[in-house]
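To start, the structure under review is shown below, and the notes come after it.
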There are 2 protein chains.
Amino acid sequence: MTSSHQIEIRLNAVIVAVTKEEPRLLVVDDAPTSKHALPFGPFNPAADRTLEQGLRGWVKNQTNLQLGHVEQLYTFGDRGRDTYGQSGSERVVSVGYLALTNEAKPGATTNAHWTNWYDYLPWEDWREGEPEILQREIRPRLSDWFHGLPKTTATAALRQRIHLTFGLKSRTWNEELVLERYELLYEAGLIAEAVRAGRKKFEDPGLGKEMHSDHRRIIATALGRLRGKIKYRPLVFELMPERFTLFQLQRAVEALSGTRLHKQNFRRLIADGGLVEETGSVDLHTGGRPAKQFCFREEVLLERLSPGVKLPGKRRAG
Amino acid sequence: MTSSHQIEIRLNAVIVAVTKEEPRLLVVDDAPTSKHALPFGPFNPAADRTLEQGLRGWVKNQTNLQLGHVEQLYTFGDRGRDTYGQSGSERVVSVGYLALTNEAKPGATTNAHWTNWYDYLPWEDWREGEPEILQREIRPRLSDWFHGLPKTTATAALRQRIHLTFGLKSRTWNEELVLERYELLYEAGLIAEAVRAGRKKFEDPGLGKEMHSDHRRIIATALGRLRGKIKYRPLVFELMPERFTLFQLQRAVEALSGTRLHKQNFRRLIADGGLVEETGSVDLHTGGRPAKQFCFREEVLLERLSPGVKLPGKRRAG
DNA sequence: CTCCTTATACTCAGTTTGAGCATTAATGAT
DNA sequence: ATCATTAATGCTCAAACTGAGTATAAGGAG
C-alpha cells in the first residue's frame with residue numbers, strides 16, 4: 001500500500017502577459033528537441049512549504065518576473081506524457097499553474113522568451129473573423145477522420161461533439177472550449193504531439209506549432225480557464241498597465257477571448273460594473289477624440305462577489 | 001535539480017450522492033484519531049496509467065460503487081497537512097477528486113459509510129432559512145476575532161471579505177463560496193483542524209464536525225465546485241434515479257446548493273432548457289396531484305454547449 | 001361531493017442584452 | 001480658420017430573460 005516509488009513532481013507555469021494587444025506566453029527552448037516548452041521547476045519537498053511557493057520560488061530565480069495572480073490548473077500524470085529522459089520506474093507528475101504578469105521582460109538567466117499564444121492554437125483566434133485554418137484545414141481533416149471511423153453507437157455523439165466544440169452547425173463559437181477542441185484534434189491525430197501516442201501519421205506536421213511533451217495541452221487548459229475566469233474575476237487588470245483607456249482594456253479582453261466585442265456595450269458593462277475609475281488623464285494618441293484613462297477600482301473587490309468582465313455581445317468579423 | 005525525494009502521491013475521493021433529499025458523502029473512520037476521513041488510495045506509478053485510472057482502480061477495489069462523473073479538484077501539497085505517520089523527509093501530496101454516484105451502498109470490504117455533507121459544513125445549508133449556527137456562533141466569533149486583530153491597512157479588506165463571503169451586509173448569500181468561507185473560518189481559528197496549525201485555542205471544539213487532516217478543506221473545495229458546475233453541466237442527473245419528478249430534481253439541486261428555489265421558475269428553466277423529457281409515467285405518491293416523471297434527455301448534450309441547471313431566483317426561508 | 005395538497009400553467013413588470021444611431025473632441029489638410 | 005476624418009462617448013429601443021405571483025388541474029382523505 002505504501003507505494004513511494006520514484007516520483008518526481010514538477011511545477012509547470014503558463015505565464016501569461018498581454019502586450020500590444022496580443023496574448024503572450026513565456027516559453028523556453030527545449031534543447032534536445034528544439035521545441036518550445038513551458039518553463040518548469042522541481043517541487044522540492046524539503047524546501048518548499050507549499051506547491052505554490054515552490055512555483056513562485058523557481059520563477060523568481062529563473063526569471064525576474066513579478067507574478068500577479070497565480071492559480072493551480074491541473075495535475076498531469078499520464079504515463080508516456082514525458083517520453084524523454086524517463087528511465088525505469090521513474091514517473092513525472094506535473095502540476096500546471098497559470099500565472100499572470102504585466103512585465104514583458106524575462107530575466108537574463110534563462111533562455112526564456114515571449115511568444116504569441118495563438119502560434120500554438122491558431123484556431124482559437126477569431127478576432128479577424130473565422131481563422132482561415134478552420135475552413136482550410138480543420139473542417140476537412142476532421143471530416144475525413146470522422147468518416148474514416150467505423151460506425152458505432154457513439155458515432156452520432158462524436159459528430160455532435162465536433163459540431164458543438166467547433167461551432168460548425170449552430171454558428172456559435174464558444175471561446176471557452178479550448179481544451180475540448182484541443183483534445184478533439186488530438187484524438188483525430190491532427191496534433192503533432194499525438195504522434196507519440198500513435199494517433200497520428202508520422203511526418204504529418206499537424207495543426208499549430210508543436211510544443212514539448214504535453215505542454216500544448218497545458219496551455220489549452222490555461223487559456224480555457226482564463227477565458228472563463230475573466231468573466232467573474234478581475235484578472236484582466238493584472239495584465240494591464242496602471243492606467244489604460246477602455247478601448248485598450250477591450251483589446252486585452254479580446255486578445256484573451258479571441259473574439260471581437262461590441263464597443264459601446266463593453267463600455268457600458270465596465271462602467272456600470274464599477275470595475276474602473278477615471279484617473280482624470282487622457283490618452284491623446286488615439287487618432288480621434290482623446291480617450292479618458294482609467295485605472296482598476298480596487299474597491300470593487302470589496303463590493304461585489306464576482307467582479308469580472310462579462311463579454312458583451314460578440315461582434316461578427318473584423 | 002533532480003529532487004526525487006520520497007514523495008508519495010495519494011488520490012483522495014470526495015464521493016457524493018444525494019439520497020432522500022440530502023447530499024451524502026462517503027467517509028471512512030480513521031482509526032488512530034477516530035475522525036472521519038476521505039477514502040484514498042495510493043497512486044501507483046507502476047500500475048496506473050493515469051491519475052484518474054488510479055483513482056477509479058482503488059475505488060472499485062475498496063467499494064463496489066459505480067462512479068459516474070469524475071473530476072480532478074485540486075492538488076494539495078502543504079507541509080504539515082498530514083501530521084500523522086509522516087517520517088523524516090517523506091512528503092504526501094494528495095490529488096483530490098470529486099466523484100458522483102447514485103448508488104448508496106458501499107462495498108463490504110471497507111469501513112466506509114455515508115454521512116450528511118452538512119455535518120461538516122453546517123453553515124452551508126440554508127434550505128430551512130439561515131442556519132442557526134451562523135447567527136449564534138459564527139457571526140459573534142468572527143466578530144470577536146476580527147476586533148481582536150491589530151489594525152493594519154488590510155483590516156478594511158478583511159472586514160469586507162467577511163461580509164462578502166458570509167453575506168452579512170448585502171443579504172446575498174453566494175452558495176458557491178464554500179471554500180472561501182471555510183478558509184476564513186480556518187484563519188479565524190474557528191475550525192478544529194486549525195489547532196494543528198496553531199491558529200486555534202486548544203480544546204476549542206470548533207464549528208462543524210472535524211475531519212482527518214485537511215479533508216474538510218477538500219470537501220469544501222468539492223462542494224464549491226459542484227455548486228458551480230451544476231449550473232452549466234448536467235451533473236445532477238448522475239445523482240438522480242432513472243426517472244424522477246421535477247420536484248424531486250429540484251430537491252436534489254436544493255440539497256447541493258443548500259438553498260430553496262422558486263418552484264415554478266425552476267420548472268420553467270428545466271422544461272424550456274430541454275434537459276428532461278417526459279417518460280409518460282406519473283408518481284402518485286406526492287400527497288397531491290400526481291407528478292409526471294421525467295428522465296434526463298441525453299440529446300441535450302449534443303445540442304447545447306453548457307446544459308446545466310441554472311438556479312432560478314432563490315426563495316427566502318423555509 | 002368537498003376540502004386539502006401538490007403539480008402545472010400562465011401573467012406581468014422590472015431588468016438585462018444586443019444592436020445601432022447620434023454626438024463630441026481631437027487631428028491634419030486646405 | 002474651416003472642414004473632413006477618426007475615435008471616444010452617449011443614448012435609444014426592442015427582444016429576451018427574471019423574479020415573483022396568481023390561477024387551474026388532478027389526485028387522496030373524509
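Quick note on labels: first sequence line is chain A, next is B, and so on, each numbered from 1.
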Rounded distance in Å - [atom1] ([X]) to [atom2] ([N]):
X        : N      : atom1 : atom2 : value
B:His262 : D:dC17 : NE2   : P     : 18 Å
B:Phe266 : C:dT6  : CZ    : C1'   : 16 Å
A:Asn265 : D:dA14 : CG    : P     : 16 Å
B:Leu261 : D:dA20 : CG    : P     : 12 Å
A:Asp272 : D:dC11 : CG    : C1'   : 12 Å
B:Leu269 : D:dT18 : CG    : P     : 7 Å
B:Arg267 : C:dT6  : CZ    : P     : 14 Å

What is the per-nucleotide protein-contact pattern of nucleotides 25-30 of chain C, from the 5' end, where B denotes a base atom under 4.0 Å from a protein heavy atom, S denotes such proximity for sugar-phosphate atoms only, and - denotes neither?
BS----
Considering only heavy side-chain atoms of B:Thr286, the closest of C:dT6, C:dT17, D:dA20 is C:dT6
B:Arg268 has a side chain; which of C:dT11, C:dA19, D:dT9 sits nearest to it?
C:dT11
Testing A:Lys231, A:Arg225, A:Lys229 for side-chain hydrogen bond (donor to acceptor under 3.5 Å, both in side chains) with A:Glu176, which one passes?
A:Lys231
Among residues 247-258 of chain A, which ones have heavy-atom contacts with DNA chain C below 4.0 Å?
none
Please round to the nearest 0.5 Å and tell me the distance separating atom CG of A:Leu26 and atom CG of A:Leu65.
6.0 Å
Under the salt bridge (Lys or Arg N to Asp or Glu O under 4.0 Å) criterion, do A:Glu238 and A:Arg233 qualify, and how do the steps go?
CA-CA 11 Å; A:Glu238 309 215 18; A:Arg233 292 274 95 187; over 6 Å; no
What closest approach, in Å, do A:Arg216 and A:Leu121 show between heavy atoms, and which atom pair accounts for it?
CG-CD2, 4.3 Å
Assign each of B:Thr245 and A:Gln264 the nucleotide of DNA chain C bearing its closest heavy atom; nearer the 5' end lies the nucleotide of B:Thr245
So A:Phe296 and A:Phe237, would you call those rings parallel, tilted or perpendicular, with 30° and 60° as cut-offs?
parallel
Evaluate the criterion salt bridge (Lys or Arg N to Asp or Glu O under 4.0 Å) for residue pair A:Arg161 and A:Glu183; output intermediate values, then yes/no.
CA-CA 11 Å; A:Arg161 189 171 146 231; A:Glu183 291 190 330; 5.3 Å; no
Which donor-acceptor pairs under 3.5 Å do side chains of residues 270-280 of chain B form with protein atoms, sequence neighbours excluded?
residue  : atom : partner  : partner atom : Å
B:Glu278 : OE2  : B:Lys292 : NZ           : 3.3
B:Thr279 : OG1  : B:Ser281 : N            : 3.2
B:Thr279 : OG1  : B:Ser281 : OG           : 2.6
B:Thr279 : OG1  : B:Gln293 : O            : 2.9

Please check if atom CD in B:Glu132 has more than 12 non-hydrogen atoms from other residues, nucleotides or ligands closer than 6.0 Å.
no
Start with the C-alpha gap between B:Tyr182 and B:Leu184, add the side-chain angles, then the distance that decides, and say whether side-chain contact (heavy atoms from CB on, under 4.5 Å) holds.
CA-CA 5 Å; B:Tyr182 179 84; B:Leu184 199 43; over 6 Å; no
